[in-house]
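Naming convention: chains lettered A, B, ... in sequence-line order (proteins, then strands); numbering from 1 in each chain.
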Protein chains: 2
Amino acid sequence: MPSAYKGTPEEVLALSTFIKLTRSVNALLGQTNPMLQREFGLTESQLAVLEAVYHLGPLCQGELGQKILRSGSNVTTVVDNLERNGLVRRQRDAHDRRMQIVHLTNQGRTVIAAALPGHVGRITSLISVLSCEEQQELGRICKKLGTARAR
Amino acid sequence: MPSAYKGTPEEVLALSTFIKLTRSVNALLGQTNPMLQREFGLTESQLAVLEAVYHLGPLCQGELGQKILRSGSNVTTVVDNLERNGLVRRQRDAHDRRMQIVHLTNQGRTVIAAALPGHVGRITSLISVLSCEEQQELGRICKKLGTARAR
DNA sequence: CTCATATTGTTCGATATAGAACTGTACAGC
DNA sequence: GCTGTACAGTTCTATATCGAACAATATGAG
């Protein structure tokens, strides 16, 4: 995150924008993640896995990686920890034994159902320093930005 | 990162905005970080430390943590790795022996001077899918968002 | 059917990251 | 000069994260 870089006006604006963008995300996650950890003992990634399976039903690990935008090896680690904590279980697909289907346990369902409303409420509360119009504009710009590719 | 959550319209908008925001940052970092790693063997945090010392001069680790927004224990780790790789050296402050002043080595100065222009150029190139006005609006909104506090 | 290839997940090694407990140093008050 | 408190870093433990190498399984070509 460069800050005192001397470059063209174009670079100065882009860097300034980039820094504000990444800092705002860090600030938001810094408010939501420790809360998740304290109240439910969940990390952001663990929540993401539980939430995906909660809303979409049992998924194999590859699909989970797609949904939460993480590498396969990372999904293995996160699911390992969730399984150790009794929140999910793995089941080999009978038709394709390469696949590990990740299911919620009853305890996992209870935990995610308890954690989600507060988490969503907290995000909503934080984001609502912005007007609806600002949120929509932010969303539009971020979506455009998400398509950027290095030259 | 919830996605299929059923909540109030306010929550739906806030979550949608939040997801677009975090994904855009992930997308940008996913373009810049692997490049840094391949070309210069630097992680994002290592670059941040080198850049801070490059532009601000020798800093103690506490100040570094403030600049790059990381915990003290994390700064210790990152500086450990940079020191092992010969890019920085630690020097105890003579007047307050609690402090570790982090200096660039010649090699570190060479590396950061070589890495920065391309890195900045890459960020600029990515961000420039947005017009100047969009960048300014994004910066303004993110700055506002960065001040949000949980109720 | 057999073999080459592709796919899925795991393992390994490295780095990042945070909080808690700890060590060493400084400093203020007595 | 002691002593208690504050502060700077380190260590420890746990989790996340990636890429590369690997194992197991599936599948298509012949």
Name every residue in [range] that has at least one heavy atom under 4.0 Å from any atom of DNA chain D, in order of residue number, or write none if there are no such residues.
{"range": "residues 32-43 of chain A", "result": "A/Thr43"}
{"range": "residues 92-99 of chain A", "result": "A/His95, A/Asp96, A/Arg97, A/Arg98"}
{"range": "residues 76-90 of chain B", "result": "B/Thr76, B/Arg90"}

Rounded distance (Å) that lies between atom [atom2] of [N] and atom [atom1] of [X]:
{"X": "A/Arg70", "N": "C/dG9", "atom1": "CZ", "atom2": "C1'", "answer": "18 Å"}
{"X": "B/Leu64", "N": "C/dT17", "atom1": "CG", "atom2": "C1'", "answer": "16 Å"}
{"X": "A/Leu59", "N": "C/dT8", "atom1": "CG", "atom2": "C1'", "answer": "15 Å"}
{"X": "A/Asn74", "N": "C/dT11", "atom1": "CG", "atom2": "P", "answer": "14 Å"}

With sequence neighbours excluded, what pairs up with [X] under the side chain to side chain donor-acceptor pair (under 3.5 Å) test?
{"X": "A/Arg92", "result": "none"}
{"X": "A/Asn81", "result": "A/Arg84"}
{"X": "B/Thr77", "result": "none"}
{"X": "A/Ser45", "result": "A/Arg70"}

Derivation of the side chain to side chain contact (heavy atoms under 4.5 Å, CB included) call for A/Arg90 and A/Asp80: CA-CA 9 Å; A/Arg90 286 175 164 106; A/Asp80 279 349; 2.9 Å; yes
Which residues pass the salt bridge (charged side-chain N to carboxylate O under 4.0 Å, His left out) test with [X], sequence neighbours left out?
{"X": "A/Lys144", "result": "B/Glu134"}
{"X": "A/Glu10", "result": "none"}
{"X": "A/Asp93", "result": "none"}

Could you measure the distance from the CG atom of A/Leu87 to the OG1 atom of A/Thr105? Nearest 0.5 Å is fine. 5.5 Å
On DNA chain C, compare the nucleotides closest to B/Ser71 and A/Gly62; which residue's is nearer the 5' end?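 That would be A/Gly62.
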Bend across the helix from C/dC1-D/dG30 to C/dC30-D/dG1, to 10°, with axes taken over 5 pairs at each end? 0°
Residues A/Arg140, B/Glu137: salt bridge by 4.0 Å N-O rule: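 B/Glu137 and A/Arg140: not salt-bridged.
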Reading DNA chain D in the 5' to 3' direction, which nucleotide is the first one with an atom under 4.0 Å from a heavy atom of chain A, and which is the last?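 Boundary nucleotides touching chain A, in 5' to 3' order, are D/dT15 to D/dA26.
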For [X] and [Y], which I'm curious about, is there any donor-acceptor pair between the side chains at under 3.5 Å?
{"X": "B/Ser24", "Y": "B/Lys20", "answer": "no"}
{"X": "B/Lys143", "Y": "B/Thr147", "answer": "no"}
{"X": "A/Gln91", "Y": "A/Arg89", "answer": "yes"}

Apply side chain to side chain contact (heavy atoms under 4.5 Å, CB included) to the pair A/Leu29 and A/Glu44, showing each step before the final yes or no. CA-CA 9 Å; A/Leu29 297 181; A/Glu44 187 190 0; 3.9 Å; yes
Determine whether A/Leu13 and B/Cys132 make a side-chain contact, defined as any pair of heavy atoms from C-beta on separated by less than 4.5 Å. yes
